[in-house]
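What follows is one structure encoded as structure tokens, with my remarks underneath.
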Amino acid sequence: MTHGTAYDIVQKYHRAWTSGDIDTAMSYVADDITCRAPGVDLNGKDAYQGFIGGFAPMLTGIGDIAEFVDRDRVALFYYPQTAATSTAPAAELLTVQAGKITTSVLIFDRLSYSPPAQD
């Protein structure tokens, strides 16, 4: 059974989680995934699912900027649009091994995704 290229796997994963389909997104993630994100290091699929699943419902849209592929690594740059911001960019570097995403380095400005100021 072929798993597809790293790029194919990352694209399917990214489309799934950004559309709110966390279960499908997690089908592309290894059980022992590690993720380094601002303020947190996550180990294991359950922790990662909780992290992604907690943010996905806040999305109101997604604006793609660029993507780069280097064999088993795929970098995505995009604008996660929420009620708080539509202009704060995010970047992910995802590594794929044996058809599953095994590592994620996620970069974003946490303060930009805070709740909007109340007047």
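Counting begins at 1 with the first residue of the sequence. Note that these values count all heavy atoms, side chains included, but never hydrogens, waters or copies made by symmetry.
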Reported [atom1]-to-[atom2] distance for the pair [X] and [Y], which is rounded to 0.5 angstrom:
{"X": "T34", "Y": "L42", "atom1": "OG1", "atom2": "CG", "result": "9.0 Å"}
{"X": "S104", "Y": "F51", "atom1": "OG", "atom2": "CZ", "result": "8.5 Å"}
{"X": "I65", "Y": "Y79", "atom1": "CD1", "atom2": "OH", "result": "4.0 Å"}

Going by the rule side chain to side chain contact (heavy atoms under 4.5 Å, CB included), which residues pair with [X] if we only count those two or more places apart in sequence or in a different chain?
{"X": "D41", "value": "R36"}
{"X": "L59", "value": "W17, T18, F55, P80, T82"}
{"X": "A75", "value": "F68, F77, L93"}
{"X": "I33", "value": "V29, Y48, I101"}

Check for me, please, whether L76 and I107 land in the same ILVMFWY cluster - side-chain distances under 4.5 Å, paths through other members count.
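Each belongs to a different hydrophobic cluster.
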Given the rule that I, L, V, M, F, W and Y join up when any side-chain heavy atoms are under 4.5 Å apart, are F108 and V105 in one cluster?
no
If a pair satisfies salt bridge (Lys or Arg N to Asp or Glu O under 4.0 Å) and one of its residues is in [range], list it, with sequence neighbours excluded.
{"range": "residues 66-86", "result": "D70-R73"}
{"range": "residues 45-61", "result": "D31-K45"}
{"range": "residues 77-88", "result": "none"}

With [X] via side-chain hydrogen bond (donor to acceptor under 3.5 Å, both in side chains) - residues at least two apart:
{"X": "Q97", "answer": "none"}
{"X": "E92", "answer": "Y78"}
{"X": "T95", "answer": "T103"}

Does T60 use its side chain to pair, donor to acceptor, with the backbone of Q81 at less than 3.5 Å?
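Confirmed, T60 side chain pairs with Q81 backbone.
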N/O donor to acceptor pairs below 3.5 angstrom from side-chain atoms of residues 19-27, sequence neighbours left out:
residue	atom	partner	partner atom	Å
S19	OG	R15	O	2.9
S19	OG	A16	O	3.0
D21	OD1	T24	N	3.1
D21	OD1	T24	OG1	3.1
D21	OD2	T24	OG1	2.7
S27	OG	T24	O	2.5

Using a 4.5 Å cut-off on heavy atoms from C-beta on, say whether the side chain of I52 contacts that of Y13.
yes
Tell me every residue that passes salt bridge (charged side-chain N to carboxylate O under 4.0 Å, His left out) with D64, counting only those two or more places apart in sequence or in another chain.
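By the salt bridge (charged side-chain N to carboxylate O under 4.0 Å, His left out) rule, D64 matches no residue at all.
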